[in-house]
There are 2 protein chains.
Amino acid sequence: MRARLTASRERIIDAALGILAEHGYAGCSVAAVAARAEVATGSVYRHFPTKADLFAEVFRTASRREVDAVTRAAAAEDTAAARVRAVIETFAGRALRAPRLAYALLAEPVDPAVEAQRLVFRRAHATLLAGYIADGVAGGELPPQNPELTSTAVVGALAEAMVGPLAAGVAGPDTVDGLITFIHRALGVPS
Amino acid sequence: MRARLTASRERIIDAALGILAEHGYAGCSVAAVAARAEVATGSVYRHFPTKADLFAEVFRTASRREVDAVTRAAAAEDTAAARVRAVIETFAGRALRAPRLAYALLAEPVDPAVEAQRLVFRRAHATLLAGYIADGVAGGELPPQNPELTSTAVVGALAEAMVGPLAAGVAGPDTVDGLITFIHRALGVPS
DNA sequence: GCAAGAATTGAATCATCATTCATTTCTTGA
DNA sequence: TCAAGAAATGAATGATGATTCAATTCTTGC
């Protein structure tokens, strides 16, 4: 009973994610989400007070997924340089494999209320990176720097370099390699 | 006569820019723009077929201004490193002096049609930088790299590092110096 | 000074969707 | 099996704000 409730809540979030990944935020009317989740429009409001609340959660879910993947990849490495490389490869690889979703998470125009979640998403990546960078600095692997600032700049560089290719649908492996070089240099990884 | 026409077109664009700079895109209803330009709502449509067309032009105008300022600053320098530094300082300085406008140009949610202009804006900066970077590479000042990619990454890093402070309203000069170091390293400027 | 036509006005229209709610359909406990 | 209450339905409502257009006000050439 309570299970059915939870299940349809899940289904709504999944449906929203699905539409987001296929047609972007623009395709995400409440009616469309409800239809895909096989519930009535009004039922969405039994679970979420507001469309913005629904999508805040959707963005949170999607973000967590992305950040988890990146975190997992980085955890397998043991130097700051390798971790940063893993972050870039994972982030870019996933973005290129699911371009529409990546574009929605990174750059597509959304409600201001949802925009806030996007900042959280970017910030989560930055915070993760900041940790690795701080470790690298502390361990002498990287030169002194403000990890808050440099991690933010890295996330910006990554996102910007992705959005173009995402739109164009193209993306050579050169792009990823180029980014790794760029970011390693930026952080002062010794060559 | 034709002059009056041109003049009121100008006034509409200026009004839109003014509201954009004061209240962001969110404050830019056609009615508000018309009121500020001291014309009737309907008159806006004598000059622009659509709100999106109006704001495409507004964004284009604002972009040109920003890119011109940056170009002028860079032109006064003669090494790739100094030019890039000038770009960063000018870009950041202007953004911090007009935070609301910078946020609107860089990150605020806008109509998809206007979003396209934002990409043009970012691309214009990137193209400018790409030229300096290519020169630097050609002249041996910078190591080999793909100027398209690295300039894009630089713009992303700059923008991302600005948006946070813009929202927070804060921005130490440390931020700008940190960015210069980061980007110089990223491009391989010898220290 | 005046008529024809252009330009301007701003209130009414239209479109889009998020949100609501009276009605119907389930679930459950006795 | 049934009644009470919970959950679900989806058509109607409401808000927002871009766009239109009939009415009015200017210009201009005669």
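Protein chains get the first letters and strands the later ones, always in sequence-line order, with residue 1 at the start of each. Values below: all heavy atoms of this structure, side chains included; hydrogens, waters and symmetry mates excluded.
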Trainee: Nearest to the A:Val30 side chain among C:dA7, D:dA18, C:dA18, which nucleotide is it?
Mentor: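 Shortest atom-to-atom distance from the side chain points to C:dA18.
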Trainee: Counting the atoms with a prime plus P, OP1 and OP2 as sugar-phosphate, which does B:Val39 contact under 4.0 Å by heavy atoms, base, sugar-phosphate, or nothing?
Mentor: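 Counting heavy atoms under 4.0 Å across all strands, the contact made by B:Val39 is with sugar-phosphate only.
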Trainee: Of the candidate nucleotides C:dT8, C:dA18, D:dT19, which contains the atom at the shortest distance from the side chain of B:Lys51?
Mentor: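 So the nucleotide nearest the side chain must be D:dT19.
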Trainee: May I have the distance from A:Tyr45 (atom OH) to C:dT20 (atom P), rounded to whole angstrom?
Mentor: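 Whole-Å distance recorded here is 7 Å.
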Trainee: Please state whether the phosphate of C:dT9, meaning OP1 or OP2, lies under 4.0 angstrom from any side-chain nitrogen or oxygen of B:Ser43.
Mentor: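 So the side chain of B:Ser43 is within the cut-off, an N or O lying under 4.0 Å from OP1 or OP2 of C:dT9.
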Trainee: According to a strict under-4.0 Å criterion, is A:Arg46 in side-chain N/O contact with OP1 or OP2 of D:dA6?
Mentor: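 No, because none of the side-chain N or O atoms of A:Arg46 sits under 4.0 Å from OP1 or OP2 of D:dA6.
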Trainee: Please tell me if the side chains of B:Cys28 and B:Leu20 come closer than 4.5 Å, counting only heavy atoms from C-beta onward.
Mentor: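 Yes, close enough: below the 4.5 Å cut-off.
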Trainee: Please report the distance, rounded to the nearest Å, between CZ in A:Phe55 and P in C:dA18.
Mentor: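 Roughly 9 Å, once rounded to whole Å.
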Trainee: Figure out the NE2/P separation between B:His47 and C:dA7, and round it to whole Å.
Mentor: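 Rounded to whole Å, this separation is 9 Å.
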Trainee: I need the CG-C1' distance between B:Leu54 and D:dT19, as an integer number of Å.
Mentor: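 In whole Å, D:dT19 C1' and B:Leu54 CG are 14 Å from each other.
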Trainee: Rounded to the nearest angstrom, tell me the gap between atom CD1 in A:Ile12 and atom C1' in D:dA7.
Mentor: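 The distance from CD1 of A:Ile12 to C1' of D:dA7 comes to 12 Å, rounded to the nearest Å.
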Trainee: How many Å lie between CZ on A:Phe48 and P on C:dT19, as a whole number?
Mentor: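 To the nearest whole Å, that distance equals 13 Å.
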Trainee: Check whether any side-chain N or O of B:Thr50 sits under 4.0 Å from OP1 or OP2 of D:dT19, and answer yes or no.
Mentor: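 For D:dT19, OP1 or OP2 has a side-chain N or O of B:Thr50 closer than 4.0 Å.
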Trainee: Hey, can you tell me if B:Phe121 and B:Phe91 have their rings parallel, tilted or perpendicular (30° and 60° cut-offs)?
Mentor: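 Judged by the thresholds at 30° and 60°, the geometry between B:Phe121 and B:Phe91 is parallel.
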Trainee: Would you call A:Leu101 and A:Arg65 a side-chain contact if the rule is heavy atoms closer than 4.5 Å?
Mentor: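 No, every pair of side-chain atoms sits at 4.5 Å or beyond.
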Trainee: Report yes if a side-chain nitrogen or oxygen of A:Arg4 is closer than 4.0 Å to either non-bridging phosphate oxygen (OP1 or OP2) of C:dC26; otherwise report no.
Mentor: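 Negative; the distance criterion is not met.
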Trainee: Taking the side chain as every heavy atom from C-beta outward, state whether B:Arg122 and B:Leu105 have any pair of such atoms under 4.5 Å apart.
Mentor: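 Heavy-atom side-chain distance check fails, nothing below 4.5 Å.
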Trainee: Compare the minimum distances between each of C:dT9, C:dA11, C:dT19 and the side chain of B:Thr41, then state the nucleotide with the smallest one.
Mentor: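 The answer is C:dA11, which lies nearest to the side chain.
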Trainee: From CG of A:Leu5 over to P of C:dC26, roughly how many Å is that when rounded to an integer?
Mentor: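 Those two atoms, CG and P, are 16 Å apart.
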Trainee: A quick test of your reading: do over 12 heavy atoms of other residues, nucleotides or ligands sit less than 6.0 Å from CD of A:Glu38?
Mentor: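 No, because the 6.0 Å sphere around CD of A:Glu38 holds 12 heavy atoms or fewer from other groups.
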